[in-house]
Amino acid sequence: MAIQKPSIPKGTRDFSTDEMLKRDYIFETVKSVFRKYGYLPIETPAMENLSSLLGKYGEEGDKLLFKVLNSGDFLSKTDENILQEKNSIKLTNQISEKGLRYDLTVPFARYVVQHRNDINFPFKRYQIQPVWRADRPQKGRYREFFQCDVDVIGSNSLLNEYELLQIIDEVFIKLDLNIEIKLNNRKILSGIAEFIGHQDKIIDITVAIDKLDKIGLEKVNEELLTKGLPQEAIEKLQPIILLKGTNLEKLAKLKEVLKTSEIGLKGIEEIEQVLDYLNVKQIKADLELDLTLARGLNYYTGAIIEVKSKDVSIGSICGGGRYDDLTGIFGLDDVSGVGVSFGADRIYDVIFQLNKFPENSENSSKVLFLNLGNQEEKYILPILSKIRELQINAEIYPENAKMKKQMAYADKKNIAYVVIIGENEIKENKLTLKNMNSGEQKMLNQNELIDFLGKEFIN
RNA sequence: GUGAAUGUAGCUCAGUUGGUUAGAGCAUCGGUUUGUGGUACCGAGGGUCGCGGGUUCGACCCCCGUCUUUCACCCCA
């Protein structure tokens with residue numbers, strides 16, 4: 001068999017030990033915060049039925065779904081006409097009925113409906129799993145990446161929105177990252193579309209004004225025009241797009257402009273309510289009301305939340321919102337949910353660039369016993385067990401290799417202490433402890449070693 | 001899906017207008033030191049120059065195709 005170059009698919013990555021320790025640090029941090037607020041973990045399969053996934057993320061999203069080929073000789077069962085037609089979409093429907101999950105929210109909605117009788121509502125869950133998108137990879141964008149989702153489902157209360165903002169704040173404080181939270185409300189966007197008389201164009205409008213920062217006002221207006229919005233509607237939109245000032249000032253102006261729109265006013269009221277909660281108990285992060293925040297996903301119905309790093313430009317590192325009807329498509333109506341998703345991979349990139357990861361040596365073994373032979377191994381094993389019983393990470397080098405090699409191993413693994421036990425030590429019933437930082441070494445007996453390590457590594 | 005750049009040792013990169021045996025640093029392994037790592041010195045292994053085709057007496061170098069990686073657009077975490 002020909003030897004092949006080892007490789008992995010485009011946009012996927014291996015995570016080596018050093019990276020995994022860093023990734024675990026992120027996962028452990030978010031988990032600890034999620035749990036503190038009463039969220040519990042679930043997991044769902046990597047694959048969902050394609051019918052659960054298709055149509056949930058818009059036309060663009062459907063294209064980005066990874067589809068899994070049916071097993072067996074599926075082509076022989078396929079309609080001859082469809083094969084002849086060479087229409088990929090039609091053919092896909094015939095030969096693929098499963099797909100890799102695109103996010104965690106839709107599978108969660110499916111999960112909620114499927115398990116509705118066992119769930120204790122309002123249901124607060126978190127979920128940390130990989131998702132897949134057949135996107136073209138680039139900076140901060142992968143084909144396989146991890147999301148850390150927290151959602152409450154079965155509660156309309158805006159206390160949930162407030163709580164999620166607190167969670168976001170706390171997570172990023174713990175990770176020591178400066179962030180800016182952007183807040184919007186889909187109902188306000190609907191109100192705006194209503195106000196200019198083009199409710200059908202709400203997606204085009206929001207997508208276009210979302211680009212304001214990037215391409216500028218003129219290009220936004222151009223894009224709106226090409227999307228079929230009449231000039232007068234665009235005129236009407238200008239004061240809204242260019243809204244400036246503090247959050248309260250923006251809200252005041254909006255209230256004026258949208259006074260005839262019931263839904264628009266409802267959106268404003270919702271934001272005010274959330275801001276009101278935040279007045280009672282403030283958060284550290286900057287929070288900005290941002291009408292240009294649209295987010296592509298069309299299932300948001302209320303709050304829209306997005307978080308950006310203030311120090312590294314990498315797109316959003318966390319995002320989410322409220323969705324009223326997501327379970328509806330799976331047959332369960334009137335269940336509203338709200339949640340956000342932390343993008344673990346981008347957060348990793350940000351922390352890495354800012355050099356804010358804690359030292360990995362914390363996780364490495366604290367003690368390595370050199371292996372100088374069979375007799376010595378047997379002498380070591382009971383001591384090693386005692387140390388491990390103290391919850392101190394320790395290991396014995398598994399081979400009687402050259403000392404140089406064993407020392408180099410300890411060095412590379414950042415192990416703080418090496419214990420050397422050879423003939424001499426056994427004869428005297430002692431051991432040699434070497435501090436790998438200073439190079440100092442001294443002879444101790446077993447109890448002295450245990451005492452020493454206890455003092456050193458147990459607070 | 002659109003546009004651009006890129007690919008030489010495990011990694012980071014040199015490589016003359018196209019010329020015969022493709023180099024360096026780091027890493028690996030061995031030695032200086034059979035009981036001492038991180039520093040030093042000596043040495044060794046490791047390459048179908050992304051892949052396929054073409055031009056040429058001759059291609060790492062030029063041309064075409066293809067794949068990879070990267071960047072931007074679309075979209076998104």
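Nothing here was measured: the structure is a model prediction, and the numbers come from that model. In what follows, every chain begins at residue 1, and chains take the letters A, B, ... in the order their sequences are listed.
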In whole angstrom, give the distance that lies between atom [atom1] of [X] and atom [atom2] of [N].
{"X": "A/Gln138", "N": "B/rC76", "atom1": "CD", "atom2": "P", "value": "13 Å"}
{"X": "A/Phe342", "N": "B/rA77", "atom1": "CZ", "atom2": "P", "value": "14 Å"}
{"X": "A/Leu370", "N": "B/rU34", "atom1": "CG", "atom2": "C1'", "value": "15 Å"}

Looking at every strand, decide which applies to [X] at a 4.0 Å heavy-atom threshold: base, sugar-phosphate, or nothing.
{"X": "A/Glu144", "result": "nothing"}
{"X": "A/Gly315", "result": "nothing"}
{"X": "A/Gly11", "result": "sugar-phosphate"}
{"X": "A/Gln441", "result": "base"}
{"X": "A/Asn424", "result": "base"}
{"X": "A/Ile317", "result": "sugar-phosphate"}

Answer yes or no: is there a side-chain heavy-atom contact under 4.5 Å between A/Tyr323 and A/Asp151?
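Yes, at least one pair of side-chain atoms sits under 4.5 Å.
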Please work out which of the three classes, parallel, tilted or perpendicular, describes the rings of A/Phe452 and A/Tyr417, given edges at 30° and 60°.
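Perpendicular.
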Would you give a per-nucleotide map of nucleotides 37-45 of chain B, 5' to 3', where B means the base has a protein non-hydrogen atom under 4.0 Å away, S means only the sugar-phosphate does, and - means neither?
BB-------
Check against side-chain contact (heavy atoms from CB on, under 4.5 Å), A/Phe108 and A/Arg101
CA-CA 11 Å; A/Phe108 176 51; A/Arg101 71 166 99 78; over 6 Å; no
Would you say the side-chain atoms of A/Asp311 and A/Asn178 include a donor-acceptor pair closer than 3.5 Å?
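There is such a pair between these side chains.
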Side chain of A/Arg136 only, heavy atoms from C-beta on: which candidate in B/rA77, B/rG30, B/rU2 is closest?
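Output: B/rU2.
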Where A/Ile181 and A/Ala285 come nearest, the two heavy atoms and their spacing
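Smallest heavy-atom distance, with atoms named: CD1-CB, 4.0 Å.
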The test is side-chain contact (heavy atoms from CB on, under 4.5 Å); show your working for A/Tyr126 and A/Tyr37 and say whether it passes.
CA-CA 11 Å; A/Tyr126 70 83; A/Tyr37 286 79; over 6 Å; no
Phosphate OP1/OP2 of B/rU70: any A/Lys10 side-chain N/O under 4.0 Å
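It does not, given that no N or O in the side chain of A/Lys10 lies less than 4.0 Å from OP1 or OP2 of B/rU70.
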Does a nitrogen or oxygen in the side chain of A/Gln147 sit under 4.0 Å from OP1 or OP2 of B/rA77?
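Checking B/rA77 against A/Gln147, no side-chain N or O comes under 4.0 Å of OP1 or OP2.
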What does the 5'-to-3' dot-bracket notation of RNA chain B look like when only Watson-Crick and G-U wobble pairs under 3.5 Å count, and pairs to other strands show as |?
(((((.(..((((.....[...)))).(((((.......))))).....(((((..]....)))))).)))))....
Given A/Tyr397 and A/Phe369, is the ring-ring contact (aromatic ring centres under 6.0 Å, His included) satisfied, shown in steps?
CA-CA 6 Å; A/Tyr397 198 86; A/Phe369 286 82; over 10 Å; no
